[in-house]
Structure formats: structure tokens, C-alpha cells
> 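What follows is a structure written as C-alpha cells; I'll ask about it next.
Everything quoted here is computed from the prediction, not taken from an experiment. These values consider heavy atoms only, across backbone and side chains, with no hydrogens, waters or symmetry-generated copies.
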Amino acid sequence: MFLTRFIGRSLLAAARSQSTAAAARSHSTATAAGASTATSGHNPLEEFFEKERTPDDQKPVYGRSWKACELRLKSWDDLQKLWFVLLKEKNMLMTQRQMLHAQNLRFPNPERIPKVRKSMCRIKHVLTERAIDEPDHRRSAEMKRMINAL
């Protein structure tokens, strides 16, 4: 239990230190080369963990799931972007839930996962509606294949 949490935290800390070391190296190389832009040390593994909060921070307020009528107003590209944002959120929540479960700790906000899942299902529903309404049968079939691949 403790070991899993320790490994997860040390993995994140190692990833952070690696990214900052790489950013420092690239920054010193860029400075030596006379470049004026600096790179940020962003590690993609950090997206699987929720940001640490200090005890002084207020409990965050989480939103509701997206409604289908709101999603119908969005473009295909906006829905695709929203899909991947929700997918990242879902992966982050599932990672956090699994780590806490391995430590026999309670997941703090279990109601967030169904909200994300509902929103993802509604996006698929809206995209399927658009594919059915498409007059061109080939394009409709292509759209349905892309939706099913999500």
C-alpha cells in the first residue's frame, strides 16, 4: 500500500526532475547558441496526476457533465478536442482511483468519473446523429467508422 504510493510519487518526482534537467540543458544550449526563447519543462506524465493542493486551498468545485443540446451547437473539431480533453481527464481520474485503491484509501470525488463518462457518451451520440443525417452515404459510413474508433 505505502509502497505503491511511494513508487507512484517517486516516479512522478523522477519524471519532474528529468524534465527540469532536460529543460535546463536545452536552455543552456539555447543561451549558448544565442537563442532568445526559453523552453518550458513540461512532462506529459504529470497529466496523469492531479495537481497537489496545500491545506490552505479551498476544496475545488467540479462542474457538471455536458448536455447533448450544448454539444449539438459545437463543430466537429470542437467535439473532437473536447473528446480528448475528457479522455485525459478520465485517464487521470482512473489512475488516481487505482493508486488510492491500492493503498486502501478512499477516492475523494467518485462522482467525477460518471460525469466524464456521460459527457463522452453524449459526444458519441451527437456525432452519430450527425453521421445519420449526412446525405452522402459514403461520408456517413466514414463518419460512423471514425465514431466507432473513439
> The test is salt bridge (Lys or Arg N to Asp or Glu O under 4.0 Å); show your working for Glu111 and Arg64 and say whether it passes.
CA-CA 10 Å; Glu111 68 275 359; Arg64 59 175 174 76; over 6 Å; no
> Output side-chain donor-acceptor pairs under 3.5 Å for residues 71-86, partner residues at least two apart or in another chain, one line each.
| unit_1 | atom_1 | unit_2 | atom_2 | d |
| --- | --- | --- | --- | --- |
| Arg72 | NE | Glu129 | OE1 | 2.9 |
| Arg72 | NH2 | Glu129 | OE2 | 3.0 |
| Ser75 | OG | Asp78 | N | 3.2 |
| Ser75 | OG | Asp78 | OD2 | 3.3 |

> Rounded to the nearest 0.5 Å, what's the gap from CZ on Phe107 to CE on Met94? Could you check?
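Between atom CZ of Phe107 and atom CE of Met94 there are 9.0 Å.
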> With Met92 as reference, evaluate Gln96, Lys90, Lys88 under the side-chain contact (heavy atoms from CB on, under 4.5 Å) test and give the passing residue.
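It is Gln96, the one option of Gln96, Lys90, Lys88 that forms the side-chain contact (heavy atoms from CB on, under 4.5 Å) with Met92.
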> Which residues satisfy the side chain to side chain donor-acceptor pair (under 3.5 Å) test with Arg106, sequence neighbours excluded?
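Expected list: none.
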> Name all residues meeting the side-chain contact (heavy atoms from CB on, under 4.5 Å) criterion together with Thr128; count only those two or more places apart in sequence or in a different chain, and write none if there are none.
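side-chain contact (heavy atoms from CB on, under 4.5 Å) check on Thr128 returns Ile132, Ile147.
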> Which donor-acceptor pairs under 3.5 Å do the side chains of residues 115-124 make with protein atoms, sequence neighbours left out?
| unit_1 | atom_1 | unit_2 | atom_2 | d |
| --- | --- | --- | --- | --- |
| Lys115 | NZ | Gly63 | O | 3.0 |
| Ser119 | OG | Trp66 | N | 2.9 |
| Ser119 | OG | Lys115 | O | 3.1 |
| Arg122 | NH1 | Ser65 | OG | 3.1 |
| Arg122 | NH1 | Trp66 | O | 2.8 |
| Lys124 | NZ | Leu150 | O | 3.2 |

> Ile113 and Arg97: side chain to side chain contact (heavy atoms under 4.5 Å, CB included), yes or no, with the steps?
CA-CA 10 Å; Ile113 295 174; Arg97 185 177 76 171; 3.9 Å; yes
> Kindly compute the distance separating CG (Asn91) from OG1 (Thr95), expressed to the nearest 0.5 Å.
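Answer for the CG-OG1 pair, Asn91 versus Thr95, is 6.0 Å.
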> Taking all non-hydrogen atoms of both residues, which atom of Pro110 and which atom of Pro114 are closest, and how far apart?
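Pro110 and Pro114 have their closest heavy atoms at O-CD, 3.1 Å.
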> How would you list all residue pairs meeting salt bridge (charged side-chain N to carboxylate O under 4.0 Å, His left out) that involve residues 132-150, not counting sequence neighbours?
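For residues 132-150: Glu134-Arg139.
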